[in-house]
Amino acid sequence: MKRFSNLFLVSLLSGVITLGAYKLLFDNNGYFSNNKNPVVTVASNSYGRQVGLSAAPVDFTEAAEKTIHTVVHVKNVSRKTISNPILEYFYGYKGEQQQEQIGTGSGVIISEDGYIVTNNHVIKDASEIEITLNNKKSYTAKLIGTDSKMDIALLKIDADEKLPYTAFANSDSVKIGEWVLAVGNPYNLTSTVTAGIISAKARNLDTSGIQSFIQTDAAVNPGNSGGALVNTRGELIGINTMISSMTGSYVGYSFAVPSNIARKIIEDLMEFGNVQRGVLGVEGGELNDSASKELGVPETEGFYIQKVSKNSGAEKSGLEKGDIITKLDDQNIATFADLSGYINTKRPKDKVQVTFIRDGKNEVVPVILSKNEFFSTEFKGLELENIDAADKKKFRLDYGVKIKSITNENLKQYQEELMGNIIVSIDNMKAKDLDTVSKIFNNKEENQSIRMEMINKKGQIIQIII
């Protein structure tokens, strides 16, 4: 009997061990179970929270599919007359020939009835503009208007169908690090899509026009100019314009005109036929550590006002030299590019709420923007203004500034000869407009002599040194 009891106990113990081992190893959630829960990795300072091992993948397919049908190939055909001096010398006639040149780029359809935005340099001097859609249909485009300063052009095609188009997004709301797609036709390769992130905003490349680019690391090459920079929803946040490269090909940096600036230019061209530029009426520069020490101010960010223009909106609102602009409406202003980029989205008579620091206190005033054509600047007793459409037509110019009045005593005796003259260069630098001239003057000392080349009222080129 005792032997039987021992045998029974051994059998029972064996069964319990076998069942336990099965539960541990093979049952649901067991070590070898197919339903085993994933191992959770816990960081030492995470207090038991699960740590993700990888970020959620970003899907670009929807944005790419929406955008490639709205980006077009732009073909610029220009014709130039060239002469053959050898034929002229030996045979006595000029031997002029028409030479055809072809350039290519990209454009973005922005309305179903065929309006297309591209870069001005893509269609510059074009005799003919041909647009090819993603479905291979081609149309002759009409040039509606251009803005060479901001490198934007507006085209129109008459298609026999409603066209897909890209909607504008608010470029002020894009964030550094945000994923973007660049869509265009580099090297005549149609419908090319590249991805990257926003590397910087309000990038100032010290160009004569645009001073507030969106910088991205999406690959952009020759032929991408005028193409679309879109967010992951396929909305337009910029027009790809240029690259920074020693070779002419992509090396990691590309730049786009922000969509808010492009949209404002397009609306102006549609409504007015030209671009309506508003100006705040202040001159100065952005702050940094060295500039702040030199000026004796504690702030190291913002726009420091060195001068307020006469009769400008800034003067009428009470802004003064020494004020530091830190915000326009809800847009923070840390650099000159921030300020110029925001003002470029506005028109004359628009009201802007200007936040500034004066004597260590924040103040806010409304400023009504002035019209750029009525804006003037003064240097060494010469008051200058931008040339108007009549001057451009009369002298066949597309840039320059006019002498409006003279208070310089040394030049008073020449007032009759100088008044109304158009300055085209200052120290061999193009005097494109008042913005450019103001920058040149800001880099000059008051007692430093400068050489001006100008066109007088008779159309003659003269030079003076003051």
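All values below come from the heavy atoms of this structure, side chains included, with hydrogens, waters and symmetry mates left out.
- Residues Asn170 and Asn260 bring a donor and an acceptor atom of their side chains to less than 3.5 Å of each other.
- The shortest distance between side-chain heavy atoms of Glu178 and Asn231 falls below 4.5 Å.
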Report task. In sequence, state the C-alpha distance, the side-chain angles, and the governing distance for Asn332 and Thr326, and then conclude on side-chain contact (heavy atoms from CB on, under 4.5 Å). Result -> CA-CA 6 Å; Asn332 290 327; Thr326 58; over 6 Å; no

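- With hydrogens and angles left out, the side-chain atoms of Glu286 and Asn288 include no donor and acceptor closer than 3.5 Å.
- In this structure, the side chain of Lys404 does not engage the main chain of Leu382 through any donor-acceptor pair within 3.5 Å.
- Side-chain atoms of Thr194 come within 3.5 Å of backbone N or O of Ala219 as a donor-acceptor pair.
- The shortest side-chain heavy-atom distance between Asp160 and Tyr139 falls under the 4.5 Å cut-off.
- We find that Asp147 and Arg277 are joined by a salt bridge, their nearest charged nitrogen and carboxylate oxygen being less than 4.0 Å apart.
- A side-chain N or O of Arg203 and one of Gln215 form a donor-acceptor pair less than 3.5 Å apart.
- Within the model, atoms CG of Asn311 and OG of Ser370 stand 8.5 Å from one another, a figure rounded to the nearest 0.5 Å.
- When all heavy atoms are compared, the tightest approach of Gly281 to Ala314 is O-CB, 3.8 Å.
- The number of heavy-atom neighbours closer than 6.0 Å to CG of Asn135, taken from other residues, nucleotides and ligands shown, is above 12.
- With a 4.5 Å cut-off on side-chain heavy atoms, Glu363 and Thr355 do not count as touching.
- A side-chain donor-acceptor contact under 3.5 Å links Thr241 to the backbone of Ile239.
- In this structure a side-chain-to-backbone donor-acceptor pair under 3.5 Å is present from Asp388 to Asp391.
- Between Asn224 and Ser106, the side chains place no donor N or O within less than 3.5 Å of an acceptor N or O (distance only, hydrogens not considered).
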Requested in this report: Go through the steps to decide whether Lys201 and Asp338 satisfy the test salt bridge (charged side-chain N to carboxylate O under 4.0 Å, His left out), and finish with yes or no.
Outcome: CA-CA 9 Å; Lys201 294 173 60 179; Asp338 290 330; over 6 Å; no

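- Remark: side-chain polar atoms of Glu65 are not paired, donor with acceptor, to backbone N or O of Thr61 under 3.5 angstrom.
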Query raised in the report: Between Val354 and Leu328, does a side-chain contact (heavy atoms from CB on, under 4.5 Å) hold up when you go through it step by step?
Result: CA-CA 5 Å; Val354 179; Leu328 296 177; 3.7 Å; yes

**Report entry** CA sep, side-chain torsions, deciding dist, call: Lys264, Val275, side-chain contact (heavy atoms from CB on, under 4.5 Å)
**Finding:** CA-CA 8 Å; Lys264 185 261 181 185; Val275 180; 3.9 Å; yes

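- Leu154 and Leu143 get closest at one heavy-atom pair: O-CD1, 3.7 Å.
- How far CD1 of Ile131 is from CD1 of Ile123: 10.0 Å, rounded to the nearest 0.5 Å.
- Ion pair Glu235/Lys66 not flagged as a salt bridge, since none of the NZ, NE, NH1 or NH2 atoms sits closer than 4.0 Å to an Asp/Glu carboxylate oxygen.
- Lys307 is not listed as a side-chain neighbour of Lys321, based on a closest heavy-atom distance of 4.5 Å or more.
- Although no hydrogens or angles enter the test, the distance criterion places no donor-acceptor pair under 3.5 Å between the side chain of Asp151 and the main chain of Ser148.
- The closest donor-acceptor contact from the side chain of Asn204 to the backbone of Phe336 lies at 3.5 Å or more, if one exists at all.
- Checked by atom type and distance alone, the side chain of Asn240 pairs as donor or acceptor with a backbone atom of Ala228 at under 3.5 Å.
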Report task. Please step through side-chain contact (heavy atoms from CB on, under 4.5 Å) for the pair Leu229 and Thr216, ending with a clear verdict. Result -> CA-CA 9 Å; Leu229 185 70; Thr216 174; 4.2 Å; yes

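- A donor-acceptor pair under 3.5 Å is absent between the side-chain atoms of Ser309 and the main chain of Ser312, judged by distance alone.
- Rounding to the nearest 0.5 angstrom, the gap separating the CE atom in Met454 from the CD atom in Gln460 is 13.0 Å.
- Using modelled atom types and a 3.5 Å distance limit, the side chains of Ser292 and Asp289 yield no donor-acceptor pair.
- The closest side-chain heavy-atom distance from Tyr115 to Val117 is not below 4.5 Å.
- Between the side chains of Gln463 and Glu453, a donor-acceptor pair is found at a separation under 3.5 Å.
- Ser191 and Asn134 share a side-chain donor-acceptor pair at under 3.5 Å.
- Contact of the Asn76 side chain with the Thr104 side chain is not registered, since no non-hydrogen atoms from C-beta on lie closer than 4.5 Å.
- Nearest heavy atom pair, residue Asp217 against residue Gly196, reads OD1-CA, 3.1 Å.
- Under the 3.5 Å distance criterion, with hydrogens and angles disregarded, no donor-acceptor pair is assigned to the side chains of Asp323 and Tyr304.
- Remark: side-chain polar atoms of Asp427 are paired, donor with acceptor, to backbone N or O of Arg451 under 3.5 angstrom.
- Taking 4.0 Å as the cut-off between side-chain N and carboxylate O, Glu383 and Lys310 do not count as a salt-bridged pair.
- Counting heavy atoms from C-beta outward, Ile266 and Phe168 have side chains that approach closer than 4.5 Å.
- When side chains are defined from C-beta on, Gln353 does not count as touching Lys327, because their heavy atoms never get closer than 4.5 Å.
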